[in-house]
Amino acid sequence: DESDSLDFNELNVGLRRLKYSPPIHLSPEDFNLVTEGEAMCDDNGGLNRAMFEEMIRKQLKLYAQHQTANAMNDAEDKFPRIVLFVFKILTMTINENFDRILPSLPSPPRRSASAPGS
């Protein structure tokens, strides 16, 4: 829509368009969790571009930390555990400096309201 924000329903529609198998579906509880109790949302319950980007970055960080912790638990000898521990510390450090390392994505160009072919 033209609101410049993405609400729960619009996010689910967008996730379905990704055509993953099985499809990705956020429950209201999931949305509440990833938006920090909707603290990241605007007054209408939607995410603007900056908040959506921040939410995605946080979820990617959490995913990387979770995968690293799982790999550390599965590592059988000492060397891989040390390497994975260092990797985990590095990812945590990167997170602290994330905005400098991966700057904000540029805004997409606005579509004109004119009819196609005009």
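We count residues from 1, following the sequence as given. As the structure is a computational prediction, the values presented were derived from the model and not from experiment.
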Do the side chains of [X] and [Y] join up, straight or via other hydrophobic residues, at under 4.5 Å, putting them in one cluster?
X: L33; Y: L6; value: no
X: F8; Y: I24; value: yes
X: I56; Y: F31; value: yes

- [ ] Show the numbers, then the answer: is there a side chain to side chain contact (heavy atoms under 4.5 Å, CB included) between M51 and E54?
- [x] CA-CA 5 Å; M51 289 293 104; E54 183 178 334; 3.2 Å; yes
Task: Partners meeting salt bridge (Lys or Arg N to Asp or Glu O under 4.0 Å) with E36 (sequence neighbours left out) - done: K58
- [ ] Show your reasoning for whether salt bridge (Lys or Arg N to Asp or Glu O under 4.0 Å) applies to R49 and E53.
- [x] CA-CA 6 Å; R49 182 179 175 82; E53 186 177 325; 5.0 Å; no
Does [X] reach the main-chain N or O of [Y] with its side chain, forming a donor-acceptor pair under 3.5 Å?
X: N12; Y: L26; result: yes
X: Q65; Y: L62; result: no
X: N32; Y: E29; result: no

Task: Point-to-point distance, once rounded to the nearest 0.5 Å, from OG of S5 to CG of L47 - done: 8.0 Å
Task: Rounded distance [0.5 Å steps], CG in D42 versus CG in D4 - done: 10.0 Å
TODO: Take R16 and V13 through the side chain to side chain contact (heavy atoms under 4.5 Å, CB included) test and state the conclusion after the steps.
DONE: CA-CA 5 Å; R16 277 195 302 274; V13 167; 3.3 Å; yes
Open item on the list: Can you list everything that forms a side-chain hydrogen bond (donor to acceptor under 3.5 Å, both in side chains) with N48? Sequence neighbours excluded, please.
Closed with: none
TODO: Would you check if there is a donor-acceptor pair between the side chains of Y63 and Q59 at a distance under 3.5 Å?
DONE: no
- [ ] Look at atom NE2 of H25 and say whether more than 12 heavy atoms of other residues, nucleotides or ligands are closer to it than 6.0 Å.
- [x] yes
